[in-house]
Structures are given as C-alpha cells and as structure tokens.
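First the proteins, then the strands, lettered A, B, ... as listed; each starts at 1.
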Amino acid sequence: MKIQNLTKFQKRVLGLVRQIPKGKVTTYKMIAKVLRRPKAQRAVGNALNKNPKPIKIPCHRVVRSNGQIGSYKLGQRKKIKLLEREEIIIKNKRVQELDKYLFRW
DNA sequence: CCTGGGGCAGCCG
DNA sequence: ACGGCTGCCCCAG
C-alpha cells in the first residue's frame, strides 16, 4: 500500500494541524502566516482537503478567520459535530468567541 | 447581507 | 514543461 505522496507544503500544513489539541482551533489564514506564506490561505485549505488521516490529523479544527466553519471533506455537518463534541460553542454555523479557542504555536 | 477581485499550491490536459 | 482551472479562503466596499 502506498504511503503518502504529499508535497512539502502539504506535509508542513498537516504537521502543524496535528499539534492542535482537542478543544482548540485555528484558522486557514493563521496556518498560512505561520508557514510564512501569508497569502496562501486558500492553498492551505486545498492541502487540508487532501488530508489522508482525518482522525489522526484533526483538520476539523481549522475554521475560517471570521469564525465561520468552512468546508470539510466529510461534510460540514460532520465538522460541526466534531467541534461541538469538543465543547466548542457553535451558533448559526459560526464559532462563538473564536479568540477564546485559538491555539497558538 | 452580497459582490468582486486578489492570491496561490496542485491538478489536469 | 506550460497554461488554465479549481478550491475546507479573505477582505474591502
């Protein structure tokens, strides 16, 4: 079975996301910034879309910078459920008090 | 609330 | 290799 053909960029994105603990979240934009590619948020999203291990690598903890949930490979429903299961308050498809849950590298 | 345009790694022909 | 698209985005108006 074939391991990963992931690009360097993708690996770095996933590597960061893997560090986000339960109950915390981050944004596409922040990841882009940490990777020193401040305008590549969309590319970050694309990289997450290729996440090979949705469980091990919690890309559901990555939301939009305005608190909106954003999309998810397995469906937005699922993403919301997973987040709520981690005690994150979501109302009208938007994380309440985003800054309170933000994870900092 | 909605709209348009910017920006960028990957993918595909 | 090359150019055009696409998409888990963002922000100004």
Sugar-phosphate only, base, or nothing, as touched by K73(A) at under 4.0 Å among non-hydrogen atoms: base
Pairwise side-chain contact, K22(A) with R61(A), heavy-atom cut-off 4.5 Å (strictly under): yes
Detail all sub-3.5 Å separations between protein N/O atoms and N/O atoms belonging to nucleotides 2-6 of chain B.
unit_1, atom_1, unit_2, atom_2, d
dG6(B), O6, R42(A), NH1, 3.4

Distance, rounded to the nearest Å, where R94(A) contributes CZ and dC8(C) contributes P: 20 Å
Counterpart base for dC8(C), defined by Watson-Crick or G-U wobble contacts under 3.5 Å: none
Nucleotide nearest R37(A) (side chain, heavy atoms from C-beta), chosen from dC8(C), dC11(C), dA9(B): dA9(B)
For dG7(B), the Watson-Crick or wobble counterpart (both distances under 3.5 Å): none
Contact check, side chains of V62(A) and V25(A), non-hydrogen atoms, under 4.5 Å: no
Closest to side chain of K29(A), choosing from dC11(C), dC8(C), dC8(B): dC11(C)
d(CG, N49(A); P, dC9(C)) in whole Å: 9 Å
Rounded distance in Å - CD (Q10(A)) to C1' (dC8(C)): 13 Å
Side-chain heavy-atom pair L35(A), L16(A) within 4.5 angstrom cut-off: yes
Side chain of L48(A) - closest among dC8(C), dC9(C), dC11(C): dC8(C)
P atoms of dC8(C) and dG5(B), separation to the nearest Å: 22 Å
Selection from dC11(B), dC8(B), dC8(C) that lies nearest to any side-chain heavy atom of Y72(A): dC8(C)
Atom-to-atom span, CD1 of I69(A) to P of dC9(C) - whole angstrom: 12 Å
Sub-4.5 Å side-chain heavy-atom contact between K93(A) and I80(A): yes
Nucleotide dC10(C), atom P - distance to CZ of R64(A) in whole Å: 7 Å
OP1 or OP2 of dG7(C) under 4.0 Å from side-chain N/O of N46(A): no
Most 5' of K39(A) and K8(A) on DNA chain B, judged by nearest nucleotide: K39(A)
Atom pair distance, as rounded to whole Å: CD1 in I20(A) and C1' in dC8(C): 13 Å
Within-4.5 Å side-chain heavy-atom neighbours: I69(A) and V95(A): yes
Spacing of CD1 belonging to I89(A) relative to CG belonging to L83(A), to within rounding of 0.5 Å: 11.0 Å
Under 4.0 angstrom between S71(A) side-chain N/O and dC9(C) OP1 or OP2: no
4.5 Å side-chain heavy-atom contact, H60(A) and R85(A): no
Nearest-angstrom distance from the residue atom CG of L35(A) to C1' of dG7(B): 16 Å
Any N66(A) side-chain heavy atom under 4.5 Å of R94(A) side chain: yes
Touch class at under 4.0 angstrom, heavy-atom based, for Y28(A) against every strand present: base
Integer-rounded Å distance: dC9(C) C1' and F9(A) CZ: 12 Å
